[in-house]
Each structure stands twice: as C-alpha cells, then as structure tokens.
Number of protein chains: 2
Amino acid sequence: MKRSENKSRYAILGMLTIAPMSGYDLKKFTEKSMNYFWNENYAWIYPTLKQLEQEGLVVSSQEKQEGRPDRHLYTLTEQGRAELRRWLNEPTVFHETPRNEHLLKMFFADQVPLSITIEQMRFWREALQNMLTSLEDLDRQASVVALEQKVPQGRPYRLLALSYGLHMGRAQLVWCEETIAKLEGLP
Amino acid sequence: MKRSENKSRYAILGMLTIAPMSGYDLKKFTEKSMNYFWNENYAWIYPTLKQLEQEGLVVSSQEKQEGRPDRHLYTLTEQGRAELRRWLNEPTVFHETPRNEHLLKMFFADQVPLSITIEQMRFWREALQNMLTSLEDLDRQASVVALEQKVPQGRPYRLLALSYGLHMGRAQLVWCEETIAKLEGLP
DNA sequence: ATTGGCATGTAAGAAGTTACATGATTAC
DNA sequence: GTAATCATGTAACTTCTTACATGCCAAT
C-alpha cells in the first residue's frame, strides 16, 4: 500500500477529528453518517490504520474488554491533523465518473420489452425511496441535536453535506417518477 | 481477466447494438454520449474486446487505411445480443457507493478557515456549471435529431437517460448555490 | 514547430471487493 | 437455536488508472 492518492486516508483522519475510534467504529460511522457520499470497508481500513500509525499520523492504544477482542483505539496526532489540513486546503479535481448501472440499462433498453424496463424502474424507485427516507430520518435527528445545543454553532458543515444528499435523493426520485409515468404512457 | 461481473462487457455490447465500432470509437462514444453516467478507458476496452471475441459475442474485421493504423471493427453477433439481453433482464442491485471527494472535504471543513471552503465551493460550482452546459447542448442536439425523424419513435430511452443527467446536474447546482449563499452569510 | 486527432496496445500499480477465519455475547 | 452485534484481521481477486510505446496526418 503506497501513500499516493489514497482517499481513505483522509476520510479516516477526518473521522478521528471527531473522536478516537477503532477500525470497527470507523466502518460503523461511515455506514451511519456518510453512506450517501462515502464508504469504507474493513479490508481497507485496517491496513490503512497501520500505515497511518507508521507515519505517525495516528497513535493506537489498547482497550481490554471481557470476553471480547480488545479494541484498538486510534487517536489523531498533531501531525495527522496537519496532514488532514494540508489535504483540505488542496483544490479538488472535479471527477465525473459515477458509473450508474441502472442508467446503462435504460440506455440500451430498446433491446428488451418495455414491461421489463418499467419493472426495473419501479424497483429502482423503491430503493431510492428507502434511501431518501433514511436520509430524512438522519436529518431530523441531526436537526434536533443542533437545536438542543444551546451554543450557537458557527458552521453547520455536516448539515450542509446532508442537505446535498437530500437534494440528490429527491431529484433522483422526481426523475424516476416522471420516467415511470412517461414509460407507462407509451404504446 | 475473468468473466464475472465486469460491467464494461455490457457497456461495450450495448454500444455495438448501435453500430460496429473500433476500440477507439467506443471510447469516443462514451466520452461524447455517456460521460454523465459512464466511462471507459483504452486499457480496459482493448483487452475486453479480445475477450468478447474469444467468447464469440463479437467478431472483428480489419479495415485498411492509408497512412494510418488499421481499424479493427467489432460487430455484435447473435450470441452477443443474447448475452446483452440476458443482462438487461437481470434485476439491478442498488449500489450506493458514489464517493464524493468534494463532500468529504465539506464534511470535515471545520478543520480549515471558512474562506477556503467558500473558494472550493465556487470552484465546484464552476465545474458543475460547465458540465450542465455541455449536457444541455447534447440535449438540444438530441431533440433536434428526434424531431427531424418523421417516423414517430417508440421509445426515447436515450433522451430519458439524458434527462436524468440534467435533473442531477441542476440539483447539484441548486445545492451548490444555496450552500455558497449560506456560507457567505456566516459570521 | 507543435498541438491535437487518429489508432492500437501493454505493464505496472493503485484501489476496492469478497470470501474466509475466529469466537464470545446478546436479543428474539 | 439462530441471527445480529461486537471485534480484528488476511488472501485472493477484480477492477480501474496511469504511464508508456509507436507513428502518421492535419491544422494552427
């Protein structure tokens, strides 16, 4: 595993600014709070954590637990924070390669009966609906938390990111419904 | 290179339903007409074409050209079309792993001065604006073509796919502008 | 003169996924 | 009793990207 342009490094460093976490925690956190724009998996997290430790960007401490494997808690170092900031300051190259298998099928749907395409679209709508619902739940939770904190928050970055997810989710659903309607209106 | 779940296979088979093409053509086609939801690159296209030929899903013919390398034209076989249809009929698993580096930076932006984040957002808006403009051009072209064909078209699948790109592009831009405004309004 | 388009390809490496291995605890 | 959660890790593999190699033609 080389340094280079491994984005998981920064995702992990970023999460560790919130709190010290284990590999397991990191995975759970991405699943719960970042799944609409990021994912990680164990087979990448564990080696990356070791790498980061070797570079002195994080330090680990062991937490003994009864009847369970020890937790390896990783904490961000000052170097780690500096490295994260360096990356945050870098301009981001616009990278448009979001392969969408659903759309690929739609693009070549003339090879297949209309009924199949409509069925697939309904399936997709279902999945989108579920995703959007869980995002809206997340949003409600986050807003409650934000209100309960009496201290006025300077910068609601996490809520803004969430709002991106909501915008996209809604736009996808709108398109999906429009499209199903159009397809159903075809001869 | 194994068969398995290589999606490029189906993208290539699909494009070859439109016309026989060379590896070069296939790349150009994705760039011109599918870039908002799909991409391919040479280092993947050429080996995949060979693989597809070995499997009998495409056949190649050589086209001699003066002062230029020969074009290897690939044509879909009946088996190839059948394989494409098989895939089109399969249900699509909803796969939400669209890693978005811009959002990752937004998520951890509290580590960095507000001005940096605003700058980055303006950059992103610029890129989105350009993408959307070129999509709108594509749409205009496609609509003109659709009108010129006097024969009523049964199924405007390509236009529907394009419409997805437009929906998403606009939603992203809307969010981007909202977000810039909010950030600029912060203390 | 030099950039961009036409045209095909390979090698090497980075990035990401799946399957496996282990094993206790808790909730249904 | 069976599934889910907690917890860490590796091996093998697939997928994808970058860089390299070659060389002519047309346009600026």
Side-chain angles (χ1 to χ4, degrees), chain A residues 1-12 20-32 34-35 37-54 58 60-74 93-101 104, chain B residues 1-12 20-32 35 38-54 58 60-74 93-101 104:
Chain A
M1 204 178 54
K2 287 267 181 60
R3 256 155 82 56
S4 72
E5 271 322 296
N6 181 349
K7 295 306 171 347
S8 297
R9 289 165 59 81
Y10 304 111
I12 290 173
M21 299 192 207
S22 66
Y24 190 82
D25 295 336
L26 289 163
K27 174 85 158 78
K28 291 299 142 194
F29 187 85
T30 56
E31 280 171 5
K32 204 191 129 219
M34 302 166 76
N35 66 88
F37 72 91
W38 204 260
N39 70 327
E40 289 295 344
N41 69 54
Y42 293 130
W44 204 231
I45 288 174
Y46 288 118
T48 302
L49 279 171
K50 278 191 183 161
Q51 173 76 20
L52 291 173
E53 188 168 25
Q54 269 174 36
V58 302
S60 71
S61 56
Q62 224 134 339
E63 206 182 86
K64 291 247 180 280
Q65 301 192 122
E66 302 279 317
R68 279 199 191 164
D70 297 350
R71 277 161 59 80
H72 298 226
L73 266 186
Y74 290 86
V93 274
F94 189 65
H95 201 60
E96 266 312 87
T97 24
R99 284 179 159 207
N100 186 324
E101 204 183 326
L104 188 61
Chain B
M1 202 176 57
K2 289 265 179 63
R3 255 152 84 54
S4 71
E5 271 321 294
N6 181 349
K7 296 304 172 345
S8 298
R9 289 165 58 83
Y10 303 111
I12 290 174
M21 298 192 207
S22 66
Y24 191 83
D25 295 336
L26 288 164
K27 175 84 156 80
K28 291 298 141 193
F29 186 85
T30 55
E31 280 171 5
K32 206 191 126 221
N35 67 88
W38 205 259
N39 71 327
E40 289 294 344
N41 69 54
Y42 293 130
W44 204 232
I45 288 175
Y46 287 118
T48 303
L49 280 170
K50 278 191 182 161
Q51 173 76 20
L52 291 173
E53 189 168 26
Q54 269 174 34
V58 303
S60 72
S61 56
Q62 223 134 340
E63 205 182 85
K64 292 246 181 277
Q65 299 191 121
E66 303 278 319
R68 280 199 191 163
D70 296 350
R71 277 161 58 80
H72 297 227
L73 266 187
Y74 290 85
V93 273
F94 188 65
H95 201 60
E96 266 310 89
T97 25
R99 284 179 159 209
N100 186 323
E101 204 182 325
L104 187 62

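The figures that follow rest on heavy atoms only: side chains count, while hydrogens, waters and symmetry mates do not. Lettering of chains follows the sequences in order, A, B, ..., and the numbering in each one begins at 1.
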**Report entry** Axis bend over the full length of the helix from C:dA1-D:dT28 to C:dC28-D:dG1, computed from five pairs that close each end, to 10 degrees
**Finding:** 50°
Query raised in the report: Which distance, rounded to the nearest 0.5 Å, do you find between the CD1 of B:Ile12 and the CD of B:Glu40?
Result: 5.5 Å
Query raised in the report: OP1, OP2 of C:dT8 versus side-chain N and O of B:Ser22: anything below 4.0 Å?
Result: yes
Query raised in the report: Counting only side-chain N and O atoms of A:Tyr42, is one of them less than 4.0 Å from OP1 or OP2 of D:dG9?
Result: no
Report summary line: Note: A:Tyr46 and A:Tyr24 closest approach over all heavy atoms is OH-N, 3.7 Å
**Report entry** Least distance between heavy atoms, B:Arg9 atom then B:Leu52 atom
**Finding:** NH1-CD2, 3.9 Å
Requested in this report: Determine the contact category for B:Asp25: base if any of its heavy atoms lies under 4.0 Å from a base atom, sugar-phosphate if only primed atoms, P, OP1 or OP2 are that close, otherwise nothing.
Outcome: nothing
**Report entry** CZ-OG distance between B:Arg71 and B:Ser61, expressed to the nearest 0.5 angstrom
**Finding:** 9.5 Å
Query raised in the report: Just how far is it from atom CG of A:Asp25 to atom OG1 of A:Thr30, taken to the nearest 0.5 Å?
Result: 11.0 Å
**Report entry** From C:dG16, D:dT8, C:dC6, nucleotide with atom closest to B:Tyr24 side chain
**Finding:** C:dC6
**Report entry** D:dC16 OP1/OP2 closer than 4.0 Å to side-chain N/O of B:Asn39
**Finding:** no
Report task. Provide, to the nearest angstrom, the distance between the CE atom belonging to A:Met21 and the C1' atom belonging to D:dA7. Result -> 16 Å
Query raised in the report: Roughly how far, to the nearest 0.5 Å, is the CG atom of B:Asn100 from the CG atom of B:Leu104?
Result: 8.5 Å
Query - Check ion pair A:Glu53-A:Lys50 (N to O, under 4.0 angstrom) - result: no
**Report entry** Between P of C:dC6 and NZ of B:Lys32, the distance in whole Å
**Finding:** 12 Å
Report summary line: From CD1 of A:Ile45 across to C1' of D:dT10 the rounded distance in Å is 15 Å
Report task. Take the protein atom CG of A:Asn6 and the nucleotide atom C1' of C:dG16, then report the distance between them rounded to whole Å. Result -> 10 Å
Query raised in the report: Atom CZ in A:Phe29, atom CG in A:Asn35: separation rounded to 0.5 Å?
Result: 11.0 Å
Query raised in the report: Between D:dT15 atom C1' and A:Glu101 atom CD, what is the distance in whole Å?
Result: 14 Å
Query raised in the report: Taking only side-chain nitrogens and oxygens of A:Lys50, does any of them come within less than 4.0 Å of OP1 or OP2 of D:dT10?
Result: yes
Within the sub-3.5 Å range, which N or O atoms of nucleotides 19-22 of chain D have a protein N or O partner, and how far apart are they?
none

Report task. Using atom CZ of B:Arg71 as one end and atom C1' of C:dT8 as the other, report the distance to the nearest whole Å. Result -> 12 Å
Query raised in the report: Using a cut-off of less than 4.0 Å, is there contact between a side-chain N or O of B:Arg99 and OP1 or OP2 of C:dA15?
Result: no
Requested in this report: Please state how far atom CG in A:Leu73 lies from atom P in D:dA7, giving the value in whole angstrom units.
Outcome: 9 Å
Query raised in the report: Would you say A:Glu101's side chain and B:Lys7's backbone share a donor-acceptor pair under 3.5 angstrom?
Result: no
Requested in this report: Name the closest nucleotide to the B:Trp44 side chain, picking from D:dT10, D:dA7, D:dT15.
Outcome: D:dT15
Query - Distance, nearest 0.5 Å, that separates NZ of B:Lys27 from CH2 of B:Trp44 - result: 15.0 Å
Query - Euclidean distance, atom CG of residue A:Asn41 to atom P of D:dT15 [Å, nearest integer] - result: 15 Å
